[in-house]
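Notes for the one structure printed next.
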Amino acid sequence: MASTSAPRGLQPVKMIGGRYNSHGASLYRIPSNYSVALFNGDPVIMTASGSSRGTIARMNATSTATTITSSGTWLGVFIGCEYVDPNSKQPVFRQSYPGSITPASGEILAHVIDDPDALFEIQADGAVAQTGLGTNAAIIQTAVGNTTTGNSGLQLDASSVDSTSSLPLRIVDFVRRPGSSIGDAYTDVIVRLNTHFHRTATGVAAS
């Protein structure tokens, strides 16, 4: 796979220090009729102000090839959602949120990996050498989210690898498995989220 570009966003794999990983997710609300699609592996934020504060939104609301270079206050990574379908009136569980959904009843609930010690696998959009270990990197939209698989179209921006503190990802390891090696054309790496909502002192606005 690391010789072929296959963007799939941030996929949870383990915890810092090899601690037990339950892959547990927390539930957060998506505003009714929120227009931006969310795919499995997309980073999300807590909306900090306005009428939708306290709900989540996509970290970078675009499907074009835009690099996210600012870490901001990432809440975690979206892995799916549930809501009552407005047409069938039945509960649905999806790996992606298609956007512009007004549920027949209740709320749209997102499943988010929000542990600040969670580590994620992500494919780079180019080669990352051993010297990239411990560096920071941006994340880039190289494809739109896949509506068939539900997976994100995000990759690590290999050209951005640097020490810059504003870069959102830290490369902490490489994926070692058959078909995936350090320095591959599209290197699979393990990253952490550099700045996390649950590790910042500033909360959302109270009103």
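In this chain, numbering begins with 1 at the start of the sequence shown. Just the heavy atoms: all of them, side chains too, but no hydrogens, waters or symmetry mates, feed the values below. Since the model is a prediction, treat every value here as computed from it, not as a measurement.
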Original post:
In terms of side-chain geometry, is the basic nitrogen of Asp188 or Arg8 positioned less than 4.0 Å from the acidic oxygen of its partner?
Top reply: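 Arg8 and Asp188: salt-bridged.
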
Applying a strict under-4.5 Å side-chain criterion to I, L, V, M, F, W and Y, I'd like to know whether [X] and [Y] cluster together.
| X | Y | value |
| --- | --- | --- |
| Phe39 | Val44 | no |
| Phe120 | Ile79 | yes |
| Tyr97 | Val84 | no |
| Met59 | Val191 | yes |
| Val92 | Ile30 | yes |

Polar side-chain atom of [X] near backbone of [Y] as donor-acceptor pair, under 3.5 Å:
| X | Y | answer |
| --- | --- | --- |
| Gln123 | Val189 | no |
| Arg53 | Gly50 | yes |
| Glu107 | Leu109 | no |
| Thr187 | Val128 | yes |
| His198 | Leu75 | no |
| Thr55 | Pro31 | no |

**OP:** Start with the C-alpha gap between Thr202 and Thr200, add the side-chain angles, then the distance that decides, and say whether side chain to side chain donor-acceptor pair (under 3.5 Å) holds.
**Re:** CA-CA 6 Å; Thr202 302; Thr200 60; over 6 Å; no

Find out whether [X] and [Y] are in side-chain contact, i.e. whether some heavy atom of one side chain is under 4.5 Å from a heavy atom of the other.
| X | Y | value |
| --- | --- | --- |
| Phe78 | Arg58 | no |
| Val112 | Ile56 | yes |
| Tyr28 | Asp114 | yes |
| Phe174 | Leu133 | yes |

Looking just at side-chain N and O atoms, do [X] and [Y] make a donor-acceptor pair shorter than 3.5 Å?
| X | Y | result |
| --- | --- | --- |
| Asp162 | Asn136 | no |
| Thr66 | Gln141 | no |
| Thr69 | Thr67 | no |
| Asp184 | Ser3 | no |
| Thr164 | Ser166 | no |
| Asp157 | Ser159 | yes |

Distance check, rounded to the nearest 0.5 Å: [X] atom [atom1] versus [Y] atom [atom2]?
| X | Y | atom1 | atom2 | answer |
| --- | --- | --- | --- | --- |
| Leu38 | Ile108 | CG | CD1 | 9.5 Å |
| Ile140 | Asn60 | CD1 | CG | 10.5 Å |
| Ile182 | Gln130 | CD1 | CD | 4.5 Å |
| Gln11 | Ile122 | CD | CD1 | 9.0 Å |
| Leu169 | Leu167 | CG | CG | 8.5 Å |
| Asp115 | Leu119 | CG | CG | 9.5 Å |

Subject >> Option passing salt bridge (charged side-chain N to carboxylate O under 4.0 Å, His left out) with Glu121 (candidates Arg192, Arg177, Lys14) >> reply: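 Only one of Arg192, Arg177, Lys14 forms a salt bridge (charged side-chain N to carboxylate O under 4.0 Å, His left out) with Glu121, namely Arg177.
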
Subject >> By side chain to side chain contact (heavy atoms under 4.5 Å, CB included) - contacts of Thr148 (at least two apart) >> reply: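 With sequence neighbours excluded, Thr148 shows a side chain to side chain contact (heavy atoms under 4.5 Å, CB included) to Asn146, given in chain and number order.
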
Subject >> Thr135: side chain to side chain contact (heavy atoms under 4.5 Å, CB included) partners, not counting sequence neighbours >> reply: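 Once residues adjacent in sequence are excluded, the partners of Thr135 under the side chain to side chain contact (heavy atoms under 4.5 Å, CB included) criterion are Val161, Ile171.
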
**OP:** Determine which pairs satisfy side chain to side chain donor-acceptor pair (under 3.5 Å) with at least one residue from residues 72-86, sequence neighbours left out, and list them in order.
**Re:**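 The answer is Glu82-His111, Asp85-Ser88.
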
Original post:
For the residue pair Ile113 and Ala25, what are the closest heavy atoms and their distance?
Top reply: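 Between these two residues, the closest heavy atoms are CD1-CB, 4.0 Å.
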
**OP:** Taking all heavy atoms of Asp125 and all of Ala158, pick out the closest pair and write down the distance.
**Re:**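 Minimum heavy-atom separation between Asp125 and Ala158: OD1-N, 2.8 Å.
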
Subject >> Result of checking Val36, Leu154, Ile139, Val77 against Asp42 for side chain to side chain contact (heavy atoms under 4.5 Å, CB included) >> reply: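 Of the listed options, the one satisfying the test is Leu154.
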
